[in-house]
*Asks:* 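A single structure is presented below for examination.
Keep in mind that this is a model prediction, so the values were computed, not measured. Each chain gets a letter, A, B and so on, in the order the sequences are listed, and its residues count up from 1.
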Amino acid sequence: MATPFRLYNTRTRTVEDFEPLVPGHVGLYVCGMTVYDDCHIGHSRAMVIFDTFVRYLRHRSWSVTFVRNFTDVDDKIIERAAEAGEDPLARAERYIANFHRDMRELGLDDPDLEPRVTATIPEIQALIGKLIERGHAYAAEGSVWFDVPSHPEYGALSGQQVDKLRSKDPGVGKRHAADFALWKAHKPGEPSWESPWGPGRPGWHIECSAMAWSTLGETIDIHGGGIDLVFPHHENEVSQSECAHGQTYARYWMHNGMLTVPTGRKVGGRATGDDTPGGDEPAAMKGKMGKSKGNAVNIDVLLREYPAEALRLFYLDTHYRSPLPFDADALPTSLGKLARLYEAREAAEAMGGEEPPDDVARSLGADAMRVLELARAFPSALYASLDDDFNTAGALGHAFELARAINRLSNHKKANQRGGPVVAPALAAFSLLSKTLGLMTLSTEEFQLEIKAKRLPRLGFTSEEVEGLLQQRAQARANKDWSRADQIRDQLEEHSIAVMDREHGSEWRVRL
RNA sequence: GGCGCCAUACCCAAGUGGUCAAGGGAGAGGUUUGCAAAACCUCCAUUCCCCGGUUCGAAUCCGGGUGGCGCCUCCA
């Protein structure tokens with residue numbers, strides 16, 4: 001890589017040059033879902049960010065082993081399953097299937113490995129055994145606790161001081177308030193496994209240490225996840241792994257910001273098909289999106305109405321570490337921006353043609369040169385942004401500059417026929433955007449069809465009805481019956497269907 | 001009570017020591033059009049929450065204040 005790749009490291013609170021342990025190869029472990037319910041758009045923000053991150057690293061010739069786990073046995077799953085009167089493991093299985101369905105729908109690549117807690121029990125027990133052996137854990141009444149005071153470094157990642165914590169959970173047999181469970185003694189009705197300490201199940205944090213260890217070894221290059229996991233989850237992982245192995249657990253910590261619901265705004269709205277009136281929602285609704293706050297919007301619901309790439313653009317249009325506010329305008333805005341990119345690419349394609357004669361080239365002059373300049377500079381501009389702590393929002397800014405330059409050139413009548421020399425570099429730039437950020441991966445036609453399929457049902461029309469009306473309107477226009485033509489157009493416009501009269505006929509779009 | 005992050009125009013959002021403060025949306029005017037829509041052009045922050053300080057020079061660094069958010073309980 002020509003320029004260093006720079007990444008913010010939560011552990012040091014600074015942006016650092018990224019150097020993997022083994023040159024050219026990156027081991028990445030990302031905390032995935034606890035599968036007790038459907039994936040909401042806060043979860044999928046993390047999924048999209050890391051998917052895109054891996055895509056980019058690979059594009060830049062790093063070899064990446066991407067591991068994203070499933071926590072398929074835990075308190076919450078057991079609790080929810082009990083409420084629903086079902087088997088916890090069956091519930092987890094169902095939500096894993098749903099998650100896979102949602103990620104596929106979102107257009108994400110599968111991670112290289114997706115370990116599950118229930119398939120990592122031997123490794124978890126081995127790790128716990130090691131910790132007891134080394135004096136960092138103790139068994140008490142069928143459970144095993146991590147001995148926090150035995151690890152002086154505890155708190156380094158999150159900046160917490162053990163004696164300042166508001167510890168609540170008393171726990172049976174715990175020696176220190178900050179100690180946390182590695183192994184939980186079996187309770188009736190809960191899934192359990194045999195162990196040297198009696199039947200039970202893993203605690204919350206040990207699983208990730210074990211899964212990272214079994215898939216990537218004692219030291220991983222980058223550990224990712226939501227910023228809300230820093231404490232206690234990641235802090236505890238560090239202690240478990242470093243006390244067991246005596247090696248640095250993760251060299252870089254990469255945390256994404258939360259999806260938030262701003263104060264006094266409507267959540268979802270047209271996005272969810274929920275037509276509750278706007279206005280102030282209960283205080284509990286604002287802040288971080290989460291199931292327990294009752295403000296979660298499930299990803300599958302949104303994907304029924306918006307193309308996956310609109311979600312992707314929504315996520316990538318803000319730096320991954322910033323909080324991302326979600327409201328009713330968010331997706332329409334992102335979809336509009338995405339459509340702008342597609343339309344610019346279409347305009348570039350339409351300019352294909354012969355090498356222009358000199359007089360035409362001269363008349364295209366400055367505008368054509370501008371496109372050429374931006375298109376050729378695009379790769380280095382994109383790399384500069386993404387190499388700088390994965391600044392996807394900055395990278396997108398460059399794409400929009402190019403889009404405007406293309407549209408400007410294509411407005412030029414002569415360019416419409418003869419944009420020749422600028423087309424290839426412009427299309428190459430958009431192709432690079434597809435490869436790295438996963439946007440504009442469809443043909444323009446596919447994209448328009450997807451929009452129509454997802455948006456039209458809410459507008460009270462079928463494609464056939466719209467086409468029928470447009471035929472009537474074409475007839476009226478041919479007869480210069482402008483009032484009839486305008487009446488049809490107004491009727492469609494009322495239902496958010498925009499009609500555009502082109503030289504070769506009328507097109508229509510769903511207004512975003 | 002403890003730890004940490006953030007504060008850029010009407011809205012969203014890049015930029016984090018040095019030419020004019022990206023980009024998108026909204027708004028105003030114009031080109032185009034049968035009229036529109038879309039697209040394009042022009043305008044839209046002499047200024048980056050406030051107050052001090054460092055510097056030849058700060059939105060960018062330091063100190064204080066105010067406001068918002070995350071974590072300390074399950075959390076992407």
*Asks:* Mind calculating the distance between CG (A:D228) and P (B:rC69) to the nearest angstrom?
*Replies:*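 Going from A:D228 (CG) to B:rC69 (P), I get 16 Å.
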*Asks:* With rounding to the nearest 0.5 angstrom, report the CZ to CG distance, A:F231 to A:L157.
*Replies:*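 Here the rounded value is 10.0 Å.
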*Asks:* Using purine N1 to pyrimidine N3 plus N6-O4 or O6-N4 for Watson-Crick, or N1-O2 and O6-N3 for G-U wobble, each under 3.5 Å, what pairs with B:rU31?
*Replies:*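 Its partner is B:rA39.
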*Asks:* Under 4.0 Å, counting only non-hydrogen atoms across every strand here, what does A:D317 touch: a base, just sugar-phosphate, or nothing?
*Replies:*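 Sugar-phosphate contact only - A:D317 comes under 4.0 Å of backbone atoms but never of a base.
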*Asks:* Using a heavy-atom cut-off of 4.0 Å across all strands, would you classify A:R484 as base, sugar-phosphate, or nothing?
*Replies:*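 No contact.
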*Asks:* Would you say a side-chain N or O of A:T34 is under 4.0 Å from OP1 or OP2 of B:rA76?
*Replies:*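 Yes, such a contact exists.
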*Asks:* Could you give the distance separating B:rC12 and B:rU54 at their C1' atoms, to the nearest angstrom?
*Replies:*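 Here B:rU54 and B:rC12 have their C1' atoms 34 Å from each other.
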*Asks:* Students often get this wrong, so: under 4.0 angstrom with heavy atoms, is A:G257 touching a base, only sugar-phosphate, or nothing?
*Replies:*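 It contacts base atoms.
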*Asks:* Regarding A:T333, tell me which of base, sugar-phosphate or nothing describes its non-hydrogen contacts under 4.0 Å with the strands shown.
*Replies:*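 Since no nucleic acid heavy atom lies under 4.0 Å of A:T333, the category is nothing.
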*Asks:* Do you see a donor-acceptor pair shorter than 3.5 Å between the side chains of A:R484 and A:Q475?
*Replies:*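 Judged by distance alone, the side chains do not pair up.
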*Asks:* Classify A:L229 by what it touches in the nucleic acid, base, sugar-phosphate, or nothing, heavy-atom distance under 4.0 Å.
*Replies:*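 The answer is sugar-phosphate, as A:L229 gets under 4.0 Å only of primed atoms, P, OP1 or OP2.
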*Asks:* B:rC62 and B:rA45: how far apart are their P atoms, nearest whole angstrom?
*Replies:*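 That atom pair is separated by 29 Å.
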*Asks:* Please pick, from B:rC71, B:rC3, B:rA76, the nucleotide with the shortest atom-to-atom distance to any side-chain atom of A:N256.
*Replies:*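 For A:N256, the side-chain atoms sit closest to B:rA76.
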*Asks:* Is the phosphate of B:rA13 approached by A:K337 (side-chain N or O, under 4.0 Å from OP1 or OP2)?
*Replies:*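 No.
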*Asks:* I'd like to know if A:R489 reaches the base of B:rA36 with its side chain such that a donor and an acceptor end up less than 3.5 angstrom apart.
*Replies:*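 Present.
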*Asks:* Both conditions, 6.0 Å and 45 degrees, for the charged tip of A:R455 above the ring of A:Y306: are they met here?
*Replies:*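 The answer is yes, since A:R455 meets both limits relative to A:Y306.
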*Asks:* Do A:R321 and A:Y8 meet the cation-pi criteria used here (NZ or CZ under 6.0 Å from the six-membered ring centre, within 45° of the axis)?
*Replies:*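 The answer is yes, since A:R321 meets both limits relative to A:Y8.
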*Asks:* Quickly work out the A:L324 CG to B:rC11 C1' distance and round it to whole Å.
*Replies:*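 Rounded to whole Å, this separation is 14 Å.
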*Asks:* How close or far is atom P of B:rG4 from atom OH of A:Y8, stated in whole angstroms?
*Replies:*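 Roughly 11 Å, once rounded to whole Å.
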*Asks:* Using only heavy-atom distances, determine whether the side chains of A:Y342 and A:E309 contain a donor-acceptor pair under 3.5 Å.
*Replies:*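 On atom types as modelled, these side chains qualify, holding a pair under 3.5 Å.
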*Asks:* Measure from the side chain of A:N391, starting at C-beta and using heavy atoms only, and say which of B:rG15, B:rC71, B:rC35 lies closest.
*Replies:*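 From the listed options, B:rG15 comes nearest.
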*Asks:* What does A:G290 touch in the nucleic acid at a heavy-atom separation under 4.0 angstrom: a base, only the sugar-phosphate, or nothing?
*Replies:*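 Result for A:G290 = nothing.
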*Asks:* Mind checking A:G397 for me? I need base, sugar-phosphate or nothing, with any heavy atom below 4.0 Å counting as a touch.
*Replies:*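 If one applies the 4.0 Å heavy-atom cut-off, A:G397 turns out to touch a base.
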*Asks:* Reading RNA chain B from 5' onward, which residue's closest nucleotide shows up sooner: A:P323 or A:W482?
*Replies:*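 It is A:P323, whose closest nucleotide lies nearer the 5' terminus.
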*Asks:* Supply the atom-to-atom distance A:T444 OG1 to A:E346 CD, rounded to the nearest 0.5 angstrom.
*Replies:*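 Nearest 0.5 Å value for the OG1-CD distance: 4.5 Å.
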*Asks:* Within the modelled atom types, does a donor on one side and an acceptor on the other bring the side chain of A:D329 and the base of B:rG25 under 3.5 Å apart?
*Replies:*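 Per atom types, no contact qualifies.
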*Asks:* Between B:rC43 and B:rU33, how far apart are the C1' atoms? Round to whole Å, please.
*Replies:*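 It comes out at 23 Å once rounded to the nearest Å.
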*Asks:* In whole Å, measure the gap between the P atoms of B:rG52 and B:rU47 for me.
*Replies:*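 Each nucleotide's P atom is 16 Å from the other's.
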*Asks:* Would you say the side-chain atoms of A:H495 and A:Q491 include a donor-acceptor pair closer than 3.5 Å?
*Replies:*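 Side chains of A:H495 and A:Q491: no pair found under 3.5 Å.
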*Asks:* Measure from the side chain of A:H319, starting at C-beta and using heavy atoms only, and say which of B:rG4, B:rA76, B:rA14 lies closest.
*Replies:*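 Of all the options, the side chain of A:H319 is nearest to B:rA14.
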*Asks:* Ring centroid separation for A:H234 and A:Y249, is it under 6.0 angstrom?
*Replies:*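 Ring centres of A:Y249 and A:H234 not closer than 6.0 Å.
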*Asks:* A:L157 CG to B:rC72 P: how many Å, rounded?
*Replies:*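 From A:L157 CG to B:rC72 P: 14 Å.
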*Asks:* Across all strands, who's sitting opposite B:rC74 as a Watson-Crick or G-U wobble pair, both distances under 3.5 Å?
*Replies:*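 In the structure as shown, B:rC74 has no Watson-Crick or wobble partner.
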*Asks:* Would you mind reading off the distance between A:M289 atom CE and B:rG70 atom C1', rounded to a whole angstrom?
*Replies:*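 From A:M289 CE to B:rG70 C1': 15 Å.
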*Asks:* Indicate, with a heavy-atom threshold strictly under 4.0 Å, whether A:I49 touches base, sugar-phosphate, or nothing.
*Replies:*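 Here A:I49 touches no strand at all.
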*Asks:* Rounding to an integer number of Å, can you tell me how far A:M258 CE sits from B:rC74 C1'?
*Replies:*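 Computing the A:M258:CE to B:rC74:C1' distance gives 13 Å.
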*Asks:* Suppose we define a pair by two distances each less than 3.5 Å, Watson-Crick or G-U wobble; what does B:rC44 pair with here?
*Replies:*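 Result: none.
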*Asks:* Restricting to nitrogen or oxygen on both sides, can you table the protein-nucleotides 37-41 of chain B pairs closer than 3.5 Å?
*Replies:*
residue : atom : partner : partner atom : Å
B:rA38  : OP1  : A:R511  : NH1          : 3.4
B:rA39  : O3'  : A:N407  : ND2          : 3.2
B:rA39  : O2'  : A:N411  : OD1          : 3.2
B:rA39  : N3   : A:N411  : ND2          : 3.3
B:rC40  : OP1  : A:R340  : NH2          : 3.1
B:rC40  : OP1  : A:N407  : ND2          : 3.3
B:rC40  : O4'  : A:N411  : ND2          : 2.9
B:rC41  : OP1  : A:R408  : NH1          : 3.4

*Asks:* With no hydrogens and no angle check, do the side chains of A:S44 and A:Y315 hold a donor and an acceptor under 3.5 Å apart?
*Replies:*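 Note: A:S44 and A:Y315 side chains meet the donor-acceptor criterion.
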*Asks:* Assess, by modelled atom type and distance only, whether the side chains of A:D147 and A:Y154 contain a donor and an acceptor separated by less than 3.5 Å.
*Replies:*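 Short answer, no.
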*Asks:* For the P atoms, the ones on B:rC10 and on B:rG53, what distance do you get once it is rounded to whole angstrom?
*Replies:*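 To the nearest whole Å, 28 Å.
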*Asks:* Under 4.0 Å between any heavy atoms, over every strand shown, what does A:R477 touch: base, sugar-phosphate, or nothing? Just pick one.
*Replies:*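 Touches a base.
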*Asks:* Of all the nucleotides listed (B:rC72, B:rA76, B:rG15), which has the minimum atom distance to the side chain of A:L165?
*Replies:*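 Of B:rC72, B:rA76, B:rG15, B:rC72 is nearest to the side chain of A:L165.
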*Asks:* With nearest nucleotide decided by heavy atoms, which residue, A:G159 or A:S483, maps closer to the 5′ end of RNA chain B?
*Replies:*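 Per heavy-atom nearest nucleotide, the more 5' residue is A:G159.
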*Asks:* Please name the nucleotide paired to B:rC56 by Watson-Crick or G-U wobble geometry with both distances under 3.5 Å, or report none.
*Replies:*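 Across any shown strand, B:rC56 pairs with B:rG18.
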*Asks:* Considering only side-chain heavy atoms of A:E401, which listed nucleotide, B:rA36, B:rG23, B:rC71, is closest?
*Replies:*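 Closest nucleotide among those given: B:rG23.
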*Asks:* For the pair made of NZ in A:K164 and P in B:rG1, what is the distance, rounded to whole Å?
*Replies:*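 Whole-Å distance recorded here is 13 Å.
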*Asks:* Just how far, in rounded Å, is C1' of B:rA22 from CG of A:L374?
*Replies:*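 Whole-Å distance recorded here is 12 Å.
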*Asks:* Using atom P of each nucleotide, how far apart are B:rA38 and B:rG27 to the nearest Å?
*Replies:*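 Straight-line distance between the two P atoms is 10 Å.
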*Asks:* Between B:rG70 and B:rA76, how far is it from one P atom to the other, in whole Å?
*Replies:*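 So the two P atoms sit 15 Å from each other.
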*Asks:* What is the base-pairing partner of B:rU66, counting Watson-Crick and G-U wobble geometry with both distances under 3.5 Å?
*Replies:*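 By the stated definition (distances under 3.5 Å), B:rA7 pairs with B:rU66.
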*Asks:* Between A:F99 and A:F70, is the ring centre distance below 6.0 Å?
*Replies:*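 Aromatic pair counts; centres sit under 6.0 Å.
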*Asks:* Which of the following nucleotides, B:rC12, B:rA76, B:rA14, is nearest to the side chain of A:S322?
*Replies:*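 Per side-chain heavy atoms of A:S322, the pick is B:rA14.
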*Asks:* Please report the distance separating the P of B:rA13 from the corresponding atom of B:rC6, rounded so that it comes out in whole Å.
*Replies:*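 Taking atom P in both B:rA13 and B:rC6, they lie 15 Å apart.
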